[in-house]
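Heads up, the thing below is written out as structure tokens.
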There are 2 protein chains.
Amino acid sequence: MTGIEDVAVATGVSTATVSRALRGLTGVSPATRAKVLTVARELGYVPSSSASGLASGRTMAMGVLLPSIERWYFSAMLDGIDRQLRTAGYDLIVFSLGGFGGNRERVFHRSILRKRIDALIVMCMELTEDEYRSLRDLDSPTIVVGGSVRGVPHVSIDDHAAVRDAVEHLIALGHTRIGHVRGGGSFGMHFDVPRIRNDAFKETMEAHGLPVREEWSVFGDFRFKEAKIAVTAMLADAAERPTALFCSSDEMAFGALTAAAELGISVPGELSVIGIDDHEFADPMGLTTVRQMPEEQGAYAAELMLAELEGKKLEGGPVTQPHELIERASTGPPLH
Amino acid sequence: MTGIEDVAVATGVSTATVSRALRGLTGVSPATRAKVLTVARELGYVPSSSASGLASGRTMAMGVLLPSIERWYFSAMLDGIDRQLRTAGYDLIVFSLGGFGGNRERVFHRSILRKRIDALIVMCMELTEDEYRSLRDLDSPTIVVGGSVRGVPHVSIDDHAAVRDAVEHLIALGHTRIGHVRGGGSFGMHFDVPRIRNDAFKETMEAHGLPVREEWSVFGDFRFKEAKIAVTAMLADAAERPTALFCSSDEMAFGALTAAAELGISVPGELSVIGIDDHEFADPMGLTTVRQMPEEQGAYAAELMLAELEGKKLEGGPVTQPHELIERASTGPPLH
DNA sequence: CTGAAAGCGCTAACAG
DNA sequence: CTGTTAGCGCTTTCAG
């Protein structure tokens with residue numbers, strides 16, 4: 001491996017100068033800098049991040065802690081974070097819980113705290129008091145994205161309002177018999193989002209004087225397949241059916257749509273379906289939904305962290321990210 | 001930050017002993033080790049990865065280079081890699097091209113080569129000669145997953161055979177008028193996979209003496225929406241329709257299914273549809289497909305890398321990963 | 001504007 | 001089984 005010393009010798013300057021020149025610091029004559037740059041390139045010199053990390057205390061890497069990588073929502077957010085880090089020259093280190101929770105302690109201590117990262121983005125999870133304290137001791141700036149935590153910087157949509165907008169869209173269309181396909185926490189959402197959406201649904205219904213019927217509330221686990229099964233059971237059994245279904249996520253709404261199609265129930269004629277997310281498939285499947293943009297949320301969180309690392313506080317942008325109702329073909333007025 | 005020295009002093013031993021004890025090396029008395037462990041825990045000591053990386057030459061991190069994070073196939077593979085690394089105590093560093101190719105050189109030199117990782121997993125991409133040479137100079141073991149490259153270790157399914165199995169399933173059902181929904185390289189597949197699937201489709205058809213009709217071959221870009229649009233156009237226009245559609249990916253098959261549904265074409269009666277992948281949604285959507293398991297492929301690639309890093313060569317397991325026809329409701333004999 | 005020298009926090013021989 | 005001694009490759013004062 002060619003090191004900084006090689007470059008220094010070949011250029012005829014000291015390693016200190018090479019270091020300064022390569023990092024674009026001031027106090028290097030243009031001529032020297034040019035020469036250093038040329039030689040470094042010729043020699044194929046690339047600085048060792050361990051060495052510079054050790055010497056400078058900055059690793060130029062950011063960590064992301066998330067429940068699992070594969071779910072659409074998480075990977076989209078990760079893409080947004082990555083995009084932002086890439087332009088800033090930071091590397092992305094992914095700490096996934098892998099859908100379980102058992103190894104969490106190990107992940108945290110064995111990996112995150114190893115001074116491998118300059119800051120941490122926590123995705124859709126609550127940290128324990130201990131975990132926060134550890135991070136603070138390490139003084140790694142931390143932000144939460146995709147949910148909110150008291151006393152910790154965070155960026156997320158207003159989940160309550162998003163649900164309200166969805167349900168009120170159904171109500172505005174004339175629906176009164178509205179069911180709910182609920183999400184849950186099985187894939188590592190150590191968070192309140194499912195609960196917030198449940199509460200918001202009930203509150204919105206009640207605010208409009210509409211009944212919340214237990215038999216129309218089913219559990220879809222934030223998944224297509226589970227939702228399809230649950231909705232199929234509900235629609236097949238019900239003496240009386242709801243005319244609309246609010247689904248706590250688009251993937252579950254796809255399940256509802258598929259269930260309806262297989263049962264020969266027309267959408268939106270006999271059943272309106274609305275989701276939350278604006279998943280990539282929502283458009284081609286004609287699903288009305290409340291759009292949130294996990295990519296943008298992730299990118300914004302990363303931007304905030306980068307700003308904090310640069311010392312320049314971002315001028316207090318909005319931590320609450322926008323959501324928007326997207327009307328498509330899956331909702332309409334009830335027939336009867 | 002409490003360092004190894006603090007632990008050494010508090011325990012009354014040397015830093016060398018602390019290091020040995022903490023890493024589980026032999027040659028430390030049980031009593032000493034126990035004491036060190038206790039003290040380290042009490043002090044909340046966590047070794048610095050920069051320091052140990054510098055000193056030992058091993059970073060305990062593995063890099064993954066991929067075209068983009070969000071696509072199902074990539075993120076599933078990443079999840080598999082992560083799972084494997086986690087159990088081995090390795091960190092995962094993600095180098096994403098972000099769907100473009102422009103910053104590739106920067107990603108490569110600025111990040112990958114910085115001695116931040118012990119090995120590299122390249123996902124669904126070809127590296128240039130220069131890139132390989134750089135890696136070799138750095139002696140970072142490298143493996144390619146999700147495609148094959150001459151002269152470089154790789155793990156992937158037999159794409160040709162997978163396509164053949166899919167198409168022959170249609171043929172076995174009695175189909176002779178078979179169309180093709182093709183994928184492409186727009187989201188960073190710097191690879192042959194799309195081409196291999198095209199070729200394999202044609203070869204299989206020809207091998208069975210069946211015609212490949214241009215008007216039944218459409219481009220779906222490996223995406224739901226694009227495929228839906230393309231298939232809709234084809235089915236609407238065609239004087240004569242195919243009785244079956246082979247789709248180079250499940251997401252495109254979903255598009256075909258949706259297009260058929262909207263056109264009122266019954267599946268599989270009037271049109272059989274088959275994909276490749278066994279995407280999470282394939283089951284609830286009733287899609288017949290050829291299953292491949294990106295998670296397992298990723299995990300296996302990671303396992304190979306880890307083995308190589310440990311010096312123990314894995315006993316030459318199969319680099320070609322299995323695929324399997326999964327019959328569901330979207331294929332059946334042609335009606336005509 | 002540039003160089004010399006002192007570490008950053010750990011690991012790795014080498015002795016004992 | 002344990003301690004001593006050098007570094008790993010860079011950054012960073014502090015002088016010049």
Side-chain angles (χ1 to χ4, degrees), chain A residues 1-37 39-40 43-61 89 91 110 113-118 137-139, chain B residues 1-37 39-40 43-61 89 91 110 113-118 137-139:
Chain A
M1 267 306 294
T2 116
I4 200 173
E5 179 102 40
D6 302 304
V7 180
V9 170
T11 317
V13 298
S14 71
T15 60
T17 300
V18 173
S19 175
R20 286 189 280 249
L22 257 28
R23 285 181 301 151
L25 299 188
T26 61
V28 182
S29 79
T32 310
R33 186 189 304 277
K35 215 187 315 174
V36 170
L37 254 37
V39 173
L43 265 43
Y45 168 71
V46 177
S48 147
S49 57
S50 299
S52 66
L54 181 56
S56 70
R58 305 196 60 187
T59 62
M60 294 302 282
D91 285 334
R110 189 153 162 182
L113 298 177
R114 291 192 147 214
K115 262 196 159 318
R116 176 160 275 171
I117 56 174
D118 293 334
D137 290 353
L138 217 49
D139 72 6
Chain B
M1 269 305 295
T2 116
I4 200 173
E5 179 102 39
D6 301 303
V7 180
V9 171
T11 318
V13 297
S14 70
T15 61
T17 299
V18 173
S19 176
R20 286 190 281 250
L22 257 28
R23 286 181 298 151
L25 299 187
T26 60
V28 182
S29 80
T32 310
R33 185 188 305 277
K35 216 188 312 175
V36 170
L37 255 37
V39 172
L43 265 43
Y45 168 71
V46 176
S48 146
S49 58
S50 299
S52 66
L54 220 210
S56 69
R58 305 195 62 188
T59 62
M60 295 302 281
D91 284 334
R110 189 154 163 181
L113 299 177
R114 291 191 146 216
K115 262 193 159 319
R116 177 161 273 171
I117 57 174
D118 293 335
D137 290 352
L138 215 53
D139 73 6

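Side chains are part of it too, since the values below use all heavy atoms of this structure and drop only hydrogens, waters and symmetry mates. So you know, we letter chains A, B, ... as the sequences are listed, proteins then strands, and number each from 1. None of the values given here were measured: they were computed from a predicted structure.
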Under the side chain to side chain donor-acceptor pair (under 3.5 Å) test, which residues partner [X], sequence neighbours left out?
| X | value |
| --- | --- |
| A:Thr15 | none |
| A:Thr2 | none |
| A:Thr32 | A:Ser29 |

Write down the distance between [atom1] ([X]) and [atom2] ([N]), rounded to a whole number of angstrom.
| X | N | atom1 | atom2 | answer |
| --- | --- | --- | --- | --- |
| B:Arg33 | D:dT2 | CZ | P | 9 Å |
| B:Arg116 | D:dG9 | CZ | P | 17 Å |
| B:Glu5 | C:dT11 | CD | P | 13 Å |
| A:Ile4 | C:dT2 | CD1 | C1' | 14 Å |
| A:Asp6 | D:dG9 | CG | P | 10 Å |
| B:Met60 | C:dC10 | CE | C1' | 15 Å |
| B:Lys115 | D:dC10 | NZ | C1' | 13 Å |

- prompt: Using the C1' atoms of the five pairs at each end, what is the angle between the end axes of the helix from C:dC1-D:dG16 to C:dG16-D:dC1, to 10°?
  reply: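 The angle separating the two end axes equals 30°.
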task: Pull out every residue in residues 44-54 of chain B that has a heavy atom closer than 4.0 Å to any atom of DNA chain D, ordered by number, or say none.
output: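 B:Leu54 - these, ordered by number, are the residues of the stretch whose heavy atoms sit under 4.0 Å from the strand.
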query: If every non-hydrogen atom of B:Thr59 is compared with every non-hydrogen atom of B:Asp118, which pair is closest and at what distance?
result: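 Where B:Thr59 meets B:Asp118 most closely, the heavy atoms are N-OD1, 2.8 Å.
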Smallest separation among heavy atoms of A:Tyr45 and A:Leu22, with atom names: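 Scanning both residues completely, I find the closest heavy atoms to be CE2-CD2, 3.4 Å.
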field: For DNA chain C, the residues among residues 24-31 of chain A that have a non-hydrogen atom under 4.0 Å from it
entry: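 Residues of residues 24-31 of chain A under 4.0 Å from DNA chain C: A:Gly27, A:Val28, A:Ser29.
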Under 3.5 Å, sequence neighbours excluded: what are the donor-acceptor pairs made by side chains of residues 5-12 of chain A?
residue, atom, partner, partner atom, Å
A:Asp6, OD2, A:Gly3, N, 2.6
A:Thr11, OG1, A:Val7, O, 2.5

query: Does a nitrogen or oxygen in the side chain of B:Thr32 sit under 4.0 Å from OP1 or OP2 of D:dT2?
result: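 Yes, B:Thr32 has a side-chain N/O under 4.0 Å of OP1/OP2 on D:dT2.
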Give the table of side-chain donor-acceptor pairs shorter than 3.5 Å for residues 47-57 of chain A, with sequence neighbours excluded, one pair per line with atom names and distance.
residue, atom, partner, partner atom, Å
A:Ser48, OG, A:Ser50, N, 3.3
A:Ser48, OG, A:Ala51, N, 3.0
A:Ser49, OG, B:Arg114, O, 3.1
A:Ser49, OG, B:Arg116, NE, 3.4
A:Ser52, OG, A:Ser48, O, 3.3
A:Ser56, OG, A:Ser52, O, 2.6
A:Ser56, OG, A:Arg58, N, 3.1
A:Ser56, OG, A:Arg58, O, 3.4

- request: Kindly write out the residues that satisfy side chain to side chain contact (heavy atoms under 4.5 Å, CB included) with A:Arg20, not counting sequence neighbours, or none if the list is empty.
  value: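 Partners of A:Arg20 under the side chain to side chain contact (heavy atoms under 4.5 Å, CB included) test: A:Ala16, A:Thr17, A:Leu25, A:Val28.
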What pairs of nitrogen or oxygen atoms, one from the protein and one from nucleotides 3-7 of chain C, lie under 3.5 Å apart?
residue, atom, partner, partner atom, Å
C:dG3, OP2, A:Ser14, N, 2.8
C:dG3, OP2, A:Ser14, OG, 3.3
C:dG3, OP2, A:Thr17, OG1, 2.9
C:dG3, N7, A:Arg20, NH2, 2.9
C:dG3, O6, A:Arg20, NH1, 3.1
C:dG3, O6, A:Arg20, NH2, 3.4

